[in-house]
There are 2 protein chains.
Amino acid sequence: MSEIQRPGALYRQVAAAIRDAIASGEYPPGAPLPSEAQLIERYQVSRPTVRNAVAALRSEGLLEVIHGKGSFVRGASSPVVTIDRSVSQDDGGAFTTEGAAEWEEVEEPHIYRTHTNAVTGPQLGLREDEALFGVDRLLIDTTTATRVLHQTLIPFATAEGTDLAEHPGTEPARIYALLAAAGHTLWWSETVRARMPLPDERTSLQLQDATPLLETTRVTHGTKDHPLILEVLRTSADRAQLAYRITPDPTPKLRATRT
Amino acid sequence: MSEIQRPGALYRQVAAAIRDAIASGEYPPGAPLPSEAQLIERYQVSRPTVRNAVAALRSEGLLEVIHGKGSFVRGASSPVVTIDRSVSQDDGGAFTTEGAAEWEEVEEPHIYRTHTNAVTGPQLGLREDEALFGVDRLLIDTTTATRVLHQTLIPFATAEGTDLAEHPGTEPARIYALLAAAGHTLWWSETVRARMPLPDERTSLQLQDATPLLETTRVTHGTKDHPLILEVLRTSADRAQLAYRITPDPTPKLRATRT
DNA sequence: TGACGTCACTCGTACTAACGAGTGATGACT
DNA sequence: AGTCATCACTCGTTAGTACGAGTGACGTCA
């Protein structure tokens, strides 16, 4: 072996050596790494050790391995799409949720009835087992092919007396307009988290290895004291980032929450 | 073997069987999994296969493995701390960035000089290689021990003529107050992304396996046409989530960006 | 009683070996 | 010329084996 020696496990040394080689530009983004056989030769280690090292780099998101072809350097994955989470309202009262123009539904939205659970109940200010409409959408950005899972949960209490009871599959921006027309002054609170995807999320969002999931939960508040709508958006952290616009809030913090 | 059979690789079948066992409550969160030797016995496979299966579940964030003790079920990790990213301003003009009361600096902030690069330049509306002050902080939430890395980048052009040129290590909320006092009307744009941590981020934030990093970038805008300050916040997606407050924006979207 | 060494148990690392499976190019056959 | 079988190369999976290293309990010895 040439450049490896000190720290701990052999495979970590090999991983570090490869990491350095990538950082030094020896293997630029997109370039193929030497094959396992060549790495075995170069570092004079066994195949399990090489595979262990490659696996480590893969879990760091540094490599992409394609069966039958080889390992490739995955350039610093910077998000491709910026999803603007601010909400605009034009003179006519119509709302624009950024992206409405860019995203396209690939399938019919899945509309169903469900109930609040231990998570969604508190978020909506409801007890558990309260009736909800649910709408699941799979959206795809037409230019970048970025996929987004979008779920809308509408309490019966919110839908009652509006068009929503008949057409829960209405698009969010129209729902906002509906609620505003019903006399609500709307504002939203949103939380953002990230986690590793579940197996089914990996497939439906077509996530690569070591790609976290970005998940944002938006609660629509109206003039009444309890929340009106719950929306959850899930997408690949590799492909998308979220954008917010913040203006100073004259009301001293009401929202110091802790779970 | 008992419950495993169909789909693809043996180790995936074993992983699925263990995943099901966890889901079924056979191994509740916090409980120890059978040892490797017992899993070998139970599923009648070799040790590499068992280890492969366990590694897969570990990378899903479902298991935590402790050397010398065993493997343990890691219950659905819901964030512990909510970081409110909205900004409040009281009558006296002082700003409150939520969390200021809860977070504590563990070390002296690291203050240095640096330059814009290909990423930070455009974000600040500057060319590359423009001079900046940099301030790095490691903050810890006193009640939950959640760690946060915070970086502030201040262009010389912003600091000039203000207290910042002398004291770049000023806290963000005070910087906002300073800029407001200098005649700026402030607003902020913020982007959120997630990715797997780099090795050094893993250690400084004490991240466990399969824990993504939440990273948010805040740009402070004033009355002038170019941005004033850049802040980057990094924390464990396992321990923290971000919160935003959204109000309808009368200006039709100016911010449809794409990188 | 207290300190410490030992031991049994756990996972971590490393090697050899063999075969399966995906990919792409080459070349023969129609 | 076009189609398709083959082959070489890549990574994927599995088995078997050995020893290193961290942890905690137990028992011995002072």
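In this text, all values refer to a predicted model and were calculated from it rather than measured experimentally. Sequence lines set the chain letters: A, B, ... in the order given, protein chains first and strands last, and positions in each chain run from 1.
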Exercise. Yes or no on side-chain contact (heavy atoms from CB on, under 4.5 Å) for A:Q208 and A:R74, after CA distance, side-chain angles and deciding distance?
Worked result: CA-CA 11 Å; A:Q208 290 186 307; A:R74 219 166 81 174; 3.4 Å; yes
Exercise. Given A:T217 and A:L230, is the side-chain contact (heavy atoms from CB on, under 4.5 Å) satisfied, shown in steps?
Worked result: CA-CA 7 Å; A:T217 305; A:L230 186 63; 3.5 Å; yes
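Distance, B:R51 CZ to D:dT17 P: 17 Å, rounded to whole Å. Distance OH (B:Y11) to P (D:dA15): 13 Å, rounded to an integer number of Å. For the pair B:E36 CD and D:dA15 C1', the computed distance is 15 Å after rounding to whole Å.
Among A:E171, A:H110, A:E107, the single residue meeting the side-chain contact (heavy atoms from CB on, under 4.5 Å) criterion with A:R137 is A:E171.
Using a 4.0 Å cut-off, some side-chain N or O of B:T49 falls inside it from OP1 or OP2 of D:dA15.
Note on A:E26 versus A:R42: salt bridge recorded, some NZ/NE/NH1/NH2 to OD/OE distance being below 4.0 Å. For the pair B:E64 and B:R58, the salt-bridge criterion is not met [side-chain N within less than 4.0 Å of a carboxylate O]. The residues A:R47 and A:E41 are annotated as not salt-bridged, no charged nitrogen and carboxylate oxygen being separated by less than 4.0 angstrom. Of the charged side-chain nitrogens involved, at least one lies within less than 4.0 Å of a carboxylate oxygen, so that A:R202 and A:D209 count as a salt-bridged pair.
If you check the side chains of B:T116 and B:E130, you find no donor sitting under 3.5 Å from an acceptor. A donor-acceptor contact closer than 3.5 angstrom links the side chains of A:T120 and A:N117.
Chain B approaches DNA chain C within less than 4.0 angstrom (heavy atoms of the protein), and the contacting nucleotides run 5' to 3' from C:dT10 to C:dT13.
When atom types are taken as modelled, the side chain of A:Q206 and the backbone of A:T203 share no donor-acceptor pair closer than 3.5 angstrom. Proximity of a side-chain donor or acceptor of A:S204 to a complementary backbone N or O of A:D200 within less than 3.5 Å is detected.
Between B:P48 and B:L33, the residue whose closest nucleotide on DNA chain C is further toward the 5' end is B:L33. For the pair B:R47 and A:Q38, nearest-nucleotide mapping onto DNA chain D gives the more 5' position to A:Q38.
An angle of 0°, rounded to 10°, separates the two end axes of the helix from C:dT1-D:dA30 to C:dT30-D:dA1, each defined over five pairs.
DNA chain D lies under 4.0 Å from at least one heavy atom of each of the following residues of residues 65-74 of chain B: B:H67, B:G68, B:K69.
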